[in-house]
Number of protein chains: 2
Amino acid sequence: MCAVDYAFQRIGGKHKGRVIYQLRNGIKRYGELRRLVTGITAKMLTQVLRELEDDELITRTVYLEVPPRVEYELTDTGRELLPFIRLLADWGKQQMEKEIIAE
Amino acid sequence: MCAVDYAFQRIGGKHKGRVIYQLRNGIKRYGELRRLVTGITAKMLTQVLRELEDDELITRTVYLEVPPRVEYELTDTGRELLPFIRLLADWGKQQMEKEIIAE
DNA sequence: CTGTATCCACGACGATACTG
DNA sequence: CAGTATCGTCGTGGATACAG
């Protein structure tokens, strides 16, 4: 398989990029992510987080408290993706601005 | 909308990344792309190329010859994505090597 | 608060046949 | 050579209700 393909499988999908992006500055809780990643449903957030965890791009830490607390954080491998996500975000931002000017 | 989201919409999907990647060194013909982007069908290649063209990431040049010749090339905007695709490819490659070692 | 379970719609994608 | 047309499948992702 091709490396580009492989990478897209691991960070592709509708929300994965944004979840990783929101974890760029460190630990976030489930509820925080749900608010930050606008438009995502609980089901999808859970699914994305599980996939990222299986891929060892994030860690999941459960605190046995009441109310329960679960924290997510990028692994080293996950952090390696940040420059790439940032580049993409910058490009996207520029393009969006161009479109606004064009209209 | 978020810039990361926006960017993913423009380069997401199963084959877009690879098509852009194959155009990294300049002009390619339809048939070349079909061979280089393994596993893609004619329909999907056409669709991807049209979308990239609409997005102004590539140009499409038709030569009225027999047999017909159609060439595709990245635009400046499209070329701006190359560092990003390369980064992604490098990361994917490293990860794939890790997996092989792990097994 | 942090999830699961179920059901379902929709669009991406593929296979195949055909065309200028 | 470079596509288009048609039909079908499959998985992603959404809505809603429920649970530890």
Measure the distance from [atom1] on [X] to [atom2] on [N] and round it to the nearest whole Å.
X        : N       : atom1 : atom2 : result
Glu53(B) : dA2(D)  : CD    : P     : 15 Å
Leu45(B) : dA2(D)  : CG    : C1'   : 10 Å
Glu71(B) : dG3(D)  : CD    : C1'   : 16 Å
Lys16(B) : dG11(C) : NZ    : P     : 16 Å

- Task: Please name all residues satisfying ring-ring contact (aromatic ring centres under 6.0 Å, His included) with Phe84(A), sequence neighbours left out, ordered by chain then number.
- Result: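 Only Phe84(B) meet the ring-ring contact (aromatic ring centres under 6.0 Å, His included) criterion with Phe84(A).
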
- Task: Would you check if Val37(B) and Gln22(B) make a side-chain contact, meaning some heavy-atom pair closer than 4.5 Å?
- Result: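 Yes, close enough: below the 4.5 Å cut-off.
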
- Do the non-hydrogen side-chain atoms of Phe8(A) and Ile11(B) ever get within less than 4.5 Å of each other?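 Answer yes - side chains close enough.
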
- Quantified as the angle between the terminal helix axes (five pairs each), what is the overall bend of the helix from dC1(C)-dG20(D) to dG20(C)-dC1(D) to 10 degrees?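 Here the local axes at opposite ends form an angle of 60°.
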
- Report yes or no: does Arg24(B) contribute a side-chain atom to a donor-acceptor pair with the main-chain N or O of Tyr21(B) at less than 3.5 Å?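 Between the backbone of Tyr21(B) and the side chain of Arg24(B) there is a qualifying donor-acceptor contact (under 3.5 Å).
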
- Just how far is it from atom CD1 of Ile58(B) to atom CD of Glu71(B), taken to the nearest 0.5 Å?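 If we round to the nearest 0.5 Å, Ile58(B):CD1 and Glu71(B):CD are 12.5 Å apart.
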
- Rounded to the nearest 0.5 Å, what's the gap from CG on Asp55(A) to CD on Gln9(A)? Could you check?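 Interatomic distance, Asp55(A) CG to Gln9(A) CD, rounded to 0.5 Å: 9.5 Å.
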
- Pairs where residues 28-39 of chain B contributes a residue and the test side-chain hydrogen bond (donor to acceptor under 3.5 Å, both in side chains) is met, not counting sequence neighbours: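 Counting only pairs at least two positions apart or across chains, the side-chain hydrogen bond (donor to acceptor under 3.5 Å, both in side chains) contacts touching residues 28-39 of chain B are Arg18(B)-Thr38(B), Tyr30(B)-Thr46(B).
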
- If you draw the axis of the six-membered ring of Tyr72(B), does the NZ or CZ of Arg60(B) fall within 45° of it and under 6.0 Å from the ring centre?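 Arg60(B) over Tyr72(B) ring: no.
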
Under-3.5 Å N/O pairs linking protein and nucleotides 1-3 of chain C:
unit_1, atom_1, unit_2, atom_2, d
dC1(C), O3', Arg29(A), NH2, 3.1
dC1(C), O3', Pro68(A), O, 3.4
dT2(C), OP1, Arg29(A), NE, 3.1
dT2(C), OP1, Arg29(A), NH2, 3.0
dT2(C), OP2, Gly31(A), N, 2.9
dG3(C), OP1, Arg60(A), NH2, 2.4
dG3(C), OP2, Tyr72(A), OH, 2.7

Are any protein N/O atoms closer than 3.5 Å to N/O atoms in nucleotides 12-14 of chain C? If there are, list each pair with its distance.
unit_1, atom_1, unit_2, atom_2, d
dC13(C), OP1, Lys14(B), N, 3.0
dC13(C), N4, Lys43(B), NZ, 3.4
dG14(C), OP1, Lys14(B), NZ, 3.2
dG14(C), OP2, His15(B), NE2, 3.4
dG14(C), N7, Lys43(B), NZ, 3.2
dG14(C), O6, Lys43(B), NZ, 2.1

- List for me each residue that meets salt bridge (Lys or Arg N to Asp or Glu O under 4.0 Å) alongside Asp76(B), sequence neighbours excluded, and say none if there are none.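 For Asp76(B) the salt bridge (Lys or Arg N to Asp or Glu O under 4.0 Å) partners, ignoring immediate neighbours, are Arg79(B).
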
- Message: Testing Leu57(B), Leu81(B), Leu52(B), Leu49(B) one by one against Lys16(B) for a side-chain contact (heavy atoms from CB on, under 4.5 Å), which residue passes?
- Response: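 With Lys16(B) as partner, side-chain contact (heavy atoms from CB on, under 4.5 Å) holds for just one option, Leu52(B).
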
